[in-house]
Amino acid sequence: MANLQVKLDDSLSDDAQCVAARLGMDLPSAVRMILVQMARQNGLPFQASVDPFYSTANQQHLKNMIEDMENDRNLVRRDLLGVF
């Protein structure tokens with residue numbers, strides 16, 4: 001049998017252990033289930049995706065918007081609607 005060691009920050013470990021416990025298992029059993037599914041599916045047992053917010057194009061767009069705001073360019077001033 002192989003032995004797997006993974007370093008996690010404490011809060012991630014605690015959160016994962018709580019989820020596993022609510023599912024009626026311990027964390028090593030949950031990890032084992034994930035690895036079994038990975039081997040069976042020949043891939044990750046979930047869809048991995050990247051948040052488009054962090055894309056290079058969006059980050060550049062945000063930097064440009066900040067620069068415009070700091071230099072008072074491309075701004076449209078509007079009156080507030082209603083009373084808060």
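The cluster map of Ile, Leu, Val, Met, Phe, Trp and Tyr, joined by side-chain heavy atoms under 4.5 Å apart, puts Phe46 and Met38 in the same cluster. When hydrophobic clusters are built by joining Ile, Leu, Val, Met, Phe, Trp and Tyr residues whose side-chain heavy atoms come closer than 4.5 Å, directly or via intermediates, Leu44 is not grouped with Val36. Residues Ile34 and Val6 are members of separate hydrophobic clusters, defined by side-chain heavy-atom contacts under 4.5 angstrom among Ile, Leu, Val, Met, Phe, Trp and Tyr.
Atom CD of Gln5 sits about 8.5 Å away from atom NZ of Lys7, to the nearest 0.5 Å. Note that the CD atom of Gln17 and the CG atom of Asp26 stand 8.5 Å from one another [nearest 0.5 Å].
Distance alone, capped at 3.5 Å, places no donor-acceptor pair between the Asn74 side chain and the Asp68 backbone. Judged purely by atom type and a 3.5 angstrom limit, Asp9 uses its side chain to pair as donor or acceptor with the backbone of Leu12. Between the side chain of Asn71 and the backbone N or O of Glu67, at least one donor-acceptor pair lies under 3.5 Å.
Around atom CG of Asp10, no more than 12 heavy atoms belonging to other residues, nucleotides or ligands sit under 6.0 Å away. Annotation for Arg40: atom CZ does not count as buried by contact number, only 12 or fewer foreign heavy atoms lying within 6.0 Å.
Partners of Gln60 by side chain to side chain donor-acceptor pair (under 3.5 Å), not counting sequence neighbours, listed by chain and number: Asn64. Under the side chain to side chain donor-acceptor pair (under 3.5 Å) criterion, Asp14 pairs with no residue at all, not counting sequence neighbours.
Counting only N and O atoms by type, the side chains of Gln59 and Ser55 include no donor and acceptor under 3.5 Å apart.
Think of Met25 as one node in a network of Ile, Leu, Val, Met, Phe, Trp and Tyr side chains linked at under 4.5 Å; its network also takes in Val19, Leu23, Met33.
Closest of all the heavy-atom pairs between Phe53 and Asn58 is O-ND2, 2.9 Å. Closest non-hydrogen pair, Ala16 versus Leu27, comes out as CB-CD1, 3.7 Å.
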Evaluate the side-chain contact (heavy atoms from CB on, under 4.5 Å) criterion for residues Leu35 and Gln37: first the C-alpha distance (whole Å), next the side-chain angles of each, then the deciding distance (0.1 Å), finally the verdict.
-> CA-CA 5 Å; Leu35 294 174; Gln37 288 301 309; over 6 Å; no

